[in-house]
Amino acid sequence: ETECNHRILAKGTINTSGTFTGTYNVLGKMVLTLAGNTLQIALCVILTWFFFPHFGLAAPAIATGIGWLMANLFWLICLTRLRRQSLLQA
C-alpha cells in the first residue's frame with residue numbers, strides 16, 4: 001500500500017509541475033521554468049549525495065521527491081507574485 005501512495009504522490013507532483021511550466025511558457029516567462037527545473041536537478045544531485053550513506057538506494061527517490069516539491073513551491077511563489085503584480089489575472 002505504501003508503494004501505491006508514493007506513486008500517487010509522484011504523479012500528482014509531476015502533473016502539477018506540468019501545469020506550472022505550461023502556464024509560464026504561455027506567459028512568456030520561460031526563465032521561471034528553467035529556474036525551477038535547474039533548482040530541482042541541483043537539489044536532486046546534492047541531496048542524493050548527502051542522503052546516500054543514510055538511506056542507500058532509496059536516496060535518489062527521496063531526493064527526487066524533495067526536489068520536485070521544492071520546484072513546485074518555487075513555481076507557486078512565482079505565480080503568486082505574478083498575480084500580485086497584475087501580470088496574471090485570477
Side chain to side chain contact (heavy atoms under 4.5 Å, CB included), that's the test. Do Leu82 and Leu32 meet it? Break it down for me.
CA-CA 11 Å; Leu82 286 173; Leu32 296 177; 4.2 Å; yes
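Here Ala61 pairs with nothing under the side-chain contact (heavy atoms from CB on, under 4.5 Å) rule; sequence neighbours left out. Residues satisfying the side-chain contact (heavy atoms from CB on, under 4.5 Å) criterion with Ile77, sequence neighbours excluded, are Leu73, Arg81.
Phe55 and Met70 fall within the same hydrophobic cluster, where Ile, Leu, Val, Met, Phe, Trp and Tyr residues are linked whenever their side-chain heavy atoms come under 4.5 Å apart, directly or through other members.
One finds the CH2 atom of Trp75 at 12.0 Å from the CG atom of Leu79 (value rounded to the nearest 0.5 Å).
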Which donor-acceptor pairs under 3.5 Å do side chains of residues 36-51 form with protein atoms, sequence neighbours excluded?
from, atom 1, to, atom 2, distance (Å)
Asn37, ND2, Thr33, O, 3.3
Thr38, OG1, Leu34, O, 2.7
Thr48, OG1, Cys44, O, 2.7

